[in-house]
Amino acid sequence: MIRCTIVETTSQAGEAASRVARATVSEVVTLGRAAACKIYLPDPRVRLEHARMTRGEDGYLYLEGVGGSVQVDDTAQDRIRVIEGQRINLGPYEFAVSGVTHGPRLPQIQLTLQFTHKPAEAPAGDGIGPPQGLRRSLLNMRSLSWGATMLALVFLLALPLWQAFQAAATPTLPPRSGMDQAWNPGPISAAHQPIGNQCRNCHTQPFERVKDADCTHCHQNAGPHITAHPQLQSATFGEQRCASCHREHQGEDGMKKVDGVGCAQCHGDIKAFTPSAELPDVGDFGKQHPEFRLSMRVAPGANGIARRVRTPELKEDSGLKFPHTLHLSPKGIKSPTGPVATGGRVVLECGSCHQLDSAKVRFAPIRMEKDCQGCHRLGVDAQYPTRQVPHAAPEAVVTALQDLFASLALEQNPSQVVTVNTLLQGPQIQPAGATTTGAARWVAQKTQAAAKTLFEDPKGACKTCHTIERLTDPDAKAPWKVQPVLNTTIWLPKARFSHAQHANAACTSCHAAATSRNSTDILIPAIDVCRHCHTGTQVTTRDLIQQDKVASGCNLCHSFHTPVVHASFKAEKARLAASATASSQP
Amino acid sequence: MKHQGFLEYQRFRYLKAAGWLTALGSLAYIWHRLYLFHAPGKLGYGGTWPGYFFGTVAAALVVWLAWLGIRKRRYDTNSSTQGWLSAHVYLGCAVVVLASLHCGFEVGWNTHSLAYLLLWIVVGSGIYGVVMFSRIPTRLTDTLGDTTLSALMLQLSDVDAQARRLALTLPDQYNSLVLDAATHTRLQGTAIQNLLNSTARHCATARALAGVEELNQHLAADSARAGRELYGQLVRRKGLVDRIRQIHRLMSKLRLWLLLHVPLALALLVALVAHVVSVFIYW
């Protein structure tokens, strides 16, 4: 056991003022600022357990530092035997050792520690202040925050805002390159770039959406969606703006990429939207688009077009006989102009008759004179192959035959020439049947025979292609009626299809012309043929792999707006329409 | 009771909230992009209805996150600041996801993307800060042990006093070295200097230590003891100085990210206002 007496001397004016003694008895005497220490030294410079005094194996008392050294007689010691007169320093405390009795034979060690407390010296002016954090740096939180806020406020908000309002206030001033360009959310479409360098060209009023008037100022030929029912149009699209679908600042070709999501909102269940609608429901092209409805000409005239769903059973009654197989035979087909080496046979291709129109979108209508008559000649007599009748109505053909034979008669009998005076009286001339001269009778007979051959011979020039019925009227000059040819020129007028864009595919990959034996076959392909290459926009997991298919939205083929004829073309179109009606009514 | 940090506050309540927020937001975004958004260019932007939704939520979150700067200075509320900090960290991570969904992953050279970039920097520095807050205190404890910085400073002045007393009996060079060490040793500089440990360059204490070692070799035998003791004091001083500097370095590390986080967060608030104003001024 160690018995330690602590004597505290409080010095006052250099004299020992008072002495307080305390004793502690224990195996180990600990010194430190921890409350558990036997000698409690409350000062931050003292370690929690700074040192301890223990009895060594040799029976003497030892002082050792804990977690560091101890200052004994101004030298740092890790472990030292306690001897009389030592001065132990622990921070501001100093202990003078006296009255030590220890040794191997003594059962109890005794010592006295003279204790002096030196008050903490204020740190001399050595420049080491209390921890001040980051105060010394200019880069402190407050200045940085103000700086960043002000920079953002000036360059991101204030300057562009000032510019925007100034531009709105003075729209007549020439445009300046603006700070508000920093606000541009994305590249302007290529078509708008000439006007897009100034925000105010479209954004005319701050905090107001771009008005439709700002678009239609230039875009004057975009008509409404539902032309037939203006009320339905305004009820459906009254709230919509141009920019609801046409989004600017989406890249150079962004304006063309119109989001087709809106179409199916109404057309997906059109009856729910407009109960009186007669349209089929349409969804994604991949699976929810109905079969094409063909606008077929079923009767002559303005109302002679009917829309019929394309089915394999649907037939066209054009009034023409035309087997595609025969014409496209790989062995060729006989032609009067064909080379002798092949026996007059020429091999035809689609393009031999079907030619793209000047817009390279559709095919020009087939014309007898241009596309057929090279082979199908309208000759009257094998003796005179160059003498052909016109491709016209029976009356005109009979008249042409009369003219032909009359001229032949005249060549042989010049004396029979009618006088100039009678010729001038044209309409009053007696009909040929009433003349009694031999030449006239010959002409009439020849004409009737030739016309009968032309119009009635099943292998004759007319019946090869046309269906002709004989009229019962015996007095008719040409008692035949050719079934009118109902030629459909635009099968799918509601859709846009460019043949030129599909030039990479052969004609036969879509049109089954090579196997069509009859002209009643419809060669417009079914929708499934389109779906070989085109898929819808509704991407499913499986479709994601089908990278080779063209994702086709509604607007790939269909146009939302009814085209409005540009004002400058309106007069021209009206004039053309007037002349067309005048010519159809002789 | 086991100490509960702000990260695991209320059994990760706000981590779960942020997780749900980002998961539901991402699902809604994917669903919208796959099945509703049919623009052939597939260019997303913030003006669709999910775009406005994500933008509004993200902007509200940013304002709320910034409110922590005011909330943490208030002591008159009942809510737990630890909970606020936990929510701040987790919802702050969620807000970058929401902002990315808002912009549809489209960026450009403009105010809008600048705000997005600022958001990334602010959140990124915040995440760095969280990492620092989880690691530095342990290292500070390791460095300080059971003492404090002010205790180290008092010990330093003790050492200086003893060293000056010892140097009085020694030649003038000793005195000037000890004085130099006491007056010209830089313990801390700016945050960056602390971090780069540039305060340790040209250290007066190291210079004094080397000088005393050099002088001690030519010291007269009668004052050799004092010279050795002075050297011992300077070794103690050097150890103390190194520890104080290490503490300052750690303290700087603990706070330096805030120099990025807080000013840029304020700039972000302004950029957000500019973003919203510019979008609607040129609607």
Side-chain angles (χ1 to χ4, degrees), chain A residues 44-45 47-48 67 74-76 91-92 120-121 123-128 130-134 136-137 139-141 144-145 147-149 151-153 156-157 160-161 164 180 182-187 199 203 206-210 247 250-251 253-254 257-261 537-539 551 553, chain B residues 34-41 43 45 47 106 108 110-112 114 145-151 153-158 160-162 166 182-185 187-192 229 232 236 248 251-252 255 258-259 262-264 266-267 269-271 273-274 277-283:
Chain A
R45 283 165 281 187
R47 288 194 292 270
L48 211 55
D74 288 337
T75 47
E121 292 170 32
D126 57 0
I128 304 165
Q132 290 171 355
L134 309 167
R136 282 164 61 183
S137 168
L139 294 172
N140 66 49
M141 191 95 86
L144 279 175
S145 299
T149 309
L151 271 177
L153 206 60
L156 302 182
L157 198 59
L161 208 60
D180 45 2
W183 285 355
N184 186 358
C199 310
H203 304 274
F207 293 109
E208 278 182 29
R209 291 181 149 196
V210 176
R247 286 162 191 162
Q250 295 267 306
D253 52 351
K257 294 170 179 166
V258 176
D259 196 335
V261 65
T537 49
Q538 279 193 6
V539 184
Chain B
L34 282 186
Y35 297 108
L36 290 184
F37 188 71
H38 280 167
L43 271 175
Y45 77 118
E106 293 296 329
N110 50 45
T111 305
H112 320 287
L114 180 67
D146 52 15
T147 122
T148 61
L149 185 60
S150 51
M153 297 302 286
L154 281 173
Q155 287 182 30
L156 199 65
S157 58
D158 264 9
D160 281 343
Q162 293 200 23
L166 284 166
T183 51
H184 290 124
T185 304
L187 296 176
Q188 60 166 333
T190 64
I192 293 163
E229 282 175 10
R236 249 188 96 194
H248 281 304
M251 296 291 278
S252 297
R255 281 187 290 176
L258 275 168
L259 288 182
V262 173
L264 288 189
L266 289 169
L269 283 178
V270 177
V273 171
V277 164
S278 70
V279 162
F280 289 111
I281 199 172
Y282 286 157
W283 210 357

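Below, chains carry the letters A, B, ... as their sequence lines are ordered, and counting in each starts from 1.
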Practice item. Take A:Trp183 and B:Ile281 through the side-chain contact (heavy atoms from CB on, under 4.5 Å) test and state the conclusion after the steps. Key: CA-CA 10 Å; A:Trp183 285 355; B:Ile281 199 172; 3.4 Å; yes
Exercise for review: Find the one option among B:Leu114, B:Thr147, B:Leu264, B:Leu266 whose heavy-atom pairs under 4.5 Å with chain A are most numerous.
Suggested key: B:Leu266
Point to revise | Steps toward side-chain contact (heavy atoms from CB on, under 4.5 Å) verdict (B:Leu187, B:Met153) | key: CA-CA 10 Å; B:Leu187 296 176; B:Met153 297 302 286; 3.7 Å; yes
Study note, to complete from the structure: Cut-off 4.5 Å, heavy atoms of chain B, and the answer for A:Leu151 is neither
Revision key, fill the gap. Correct closest heavy-atom pair for B:Ala267 and A:Ala152 would be O-CB, 3.9 Å
Exercise for review: Please tell me if the side chains of B:His112 and B:Ser278 come closer than 4.5 Å, counting only heavy atoms from C-beta onward.
Suggested key: yes
Practice item. Indicate the atoms forming the closest heavy-atom contact of A:Leu156 with B:Ala274, along with that distance. Key: O-CB, 3.5 Å
Practice item. Measure distances from B:Gln155 to the heavy atoms of chain A and classify the residue's part below 4.5 Å as side chain, backbone, both or neither. Key: both
Check your understanding: For B:Val273, is it the side chain, the backbone, both, or neither that has a heavy atom closer than 4.5 Å to a heavy atom of chain A?
Key -> both
Revision key, fill the gap. Of A:Pro187, A:Pro185, A:Gly147, A:Ala76, the largest count of non-hydrogen pairs under 4.5 angstrom with chain B goes to A:Pro185
